[in-house]
Amino acid sequence: MNIGIVCYASVGGSGIVATELAKCLAGRGHEVHLISADPPFRLGDYQPGLCFHRVNTPAYPLFREPQYVISLATRIVQVAREFSLDVVHAHYAVPHATAAYLAKQIMMASAAVERVPRIITTLHGTDITLVGSDRSYSETVAFSIAQSDGVTAVSHSLKADTYRTLAVERDIEVIPNFLDCKVHRRIYNAALRARYCPPGCEKIIVHVSNFRPVKRAQAVVEVFARIAEKVSSRLLLVGDGPDLGDAMDTARRLGIQKRVEAVGEQDQVLPLLSIADLFLLPSQQESFGLAALEAMACEVPVIASRVGGLDEVIEDGVTGFLHPPEDVDGMAASGVRLLTKTELHRSFAEEARATVTGKFCSDLVVPMYERFYAKLVDREFTTSKRASA
Ligand code: GMT
């Protein structure tokens, strides 16, 4: 198939999933066209069958407002026309589903377009729970989701949130996030571990995020501070964002700044996850928790909030522990329990890896997308300006 994938290039789960999907589909013989404002940060090296198309949004002194939806819709039309796309797959509804809808209308009205691709939208989380449900956007987001030819959500929880928060009634297929399990595995590096956990330190705790308020980065430090009272440990904060400064301030206020290290944005998180003993994710909301899945693939148990779709990824008491987001003491107690009981930790680490390999590997999940595409293309392939006339 000829597949267009629209995504954000910035650090964030939806861009990672879209890029990994593009790479996997190209590896399985499809012609894949990634459409984004910049090369997505996980794009990596050249791969046959995978082509990147930049969306240029020209500035004009009269406008203070960037015209991204128009430039994206135009780029989708250009790429679809030039490469005879069967499918345009928009990741993150805001505004990608809207731009894809607009592109489809343009193609349906154009004599120059022989074939109008099917439009698929994948809902990722904050496009529904935070951004998309905002009164300033909700009607357009709901309309664009309703107008897509197919819609997927990354968890059952997000599917339910979509019906609850937007006036959407259409069918939504749940296709979970995934990893390449051959790549995402623990590759232990003793020298790296020694660098972050010098003599006297016993355990490494990691948090990876884009440090937005929804991630509750200060709570990460507060949980760690309580754990560090009982277990000699270090906290690695991986990523960057608006709340990283507050998190570091919290570490200073609690007198643990020497045990907390911010390592910034990293293209490759596997080396750091591979030296970790525990992963913290006390988010306010999380539709899936790709960061938790990456940790579990590296045999790292997760302590997280019992919110959104996290319980579809983490099994409480088996691969990690789930607590209410504000239960900092409970999270810390669970962390101490895991870090001080060797056999318990080993069992959680093994179960975490087994969960990932049993349910979330790319070779299990990517075919779900292929089947979803095929169903839509077969069913509605005749929908073009000419056929529908
Ligand atoms: O929250 C982020 O880190 C970014 C955001 C995104 O779309 O880039 O993440 C959402 O999508 C991810 C991929 O599907 C999910 O794993 C995250 O749970 C989800 N974030 C939230 O729901 C807060």
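As the structure lists them, so they are numbered: ligands from 1, and atoms in each ligand from 1. What you see is a predicted model; the values in this text were computed from it and never measured.
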Need the ligand 1 atom indices (1-based, order shown) with element for anything under 4.0 Å from a heavy-atom of [X].
X	value
Ser14	6 (C), 7 (O), 8 (O), 13 (C)
Gly125	22 (O)
Asn210	2 (C), 3 (O), 4 (C)
Tyr92	7 (O)
Gly12	8 (O)
Ser287	15 (C), 17 (C), 18 (O), 19 (C), 21 (C), 22 (O)
Val154	14 (O)

Donor-acceptor contact below 3.5 Å, side chain [X] vs main chain [Y]:
X	Y	result
Arg216	Pro282	yes
Glu202	Val231	no
Arg42	Thr19	no
Gln67	Glu65	yes

Sub-3.5 Å N/O-N/O distance, Thr129 and ligand 1: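 No, Thr129 has no N/O under 3.5 Å of an N/O on ligand 1.
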Polar proximity ligand 1 side, Gly15 side, N/O cut 3.5 Å exclusive: no
Output field: ring centroids Tyr8/His96 closer than 6.0 Å: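 Here the rings of His96 and Tyr8 have centres that are less than 6.0 Å from each other.
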Selected option - heavy-atom contact closest to atom 5 (C) of ligand 1, from Gly13, Ser283, Gly308, Ala93: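 That would be Gly13.
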Option with minimal heavy-atom separation from atom 13 (C) of ligand 1, where the choices are Thr122, Leu123, Asn177, Leu290: Asn177
Any residue meeting side-chain contact (heavy atoms from CB on, under 4.5 Å) with Asn2, in chain and number order, not counting sequence neighbours: Glu31, Ser84, Leu85, Asp86
4.0 Å heavy-atom contact, [X] with ligand 1:
X	result
Lys215	yes
Gly289	yes
Arg212	yes

CA sep, side-chain torsions, deciding dist, call: Thr122, His89, side chain to side chain contact (heavy atoms under 4.5 Å, CB included): CA-CA 7 Å; Thr122 287; His89 187 171; 2.6 Å; yes
Close side-chain approach of Tyr373 and Arg118, heavy atoms under 4.5 Å: no
Location of contacts on Asp127 toward ligand 1, heavy atoms closer than 4.0 Å: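 Looking at Asp127 and ligand 1, no heavy atom falls under 4.0 Å.
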Which segment of Tyr8 sits under 4.0 Å of ligand 1 when only heavy atoms are counted: neither
Stepwise side chain to side chain contact (heavy atoms under 4.5 Å, CB included) test for Leu179 and Glu294: CA-CA 7 Å; Leu179 298 171; Glu294 291 185 322; 3.7 Å; yes
N-O pairing of Glu229 and Arg226 below 4.0 Å: no
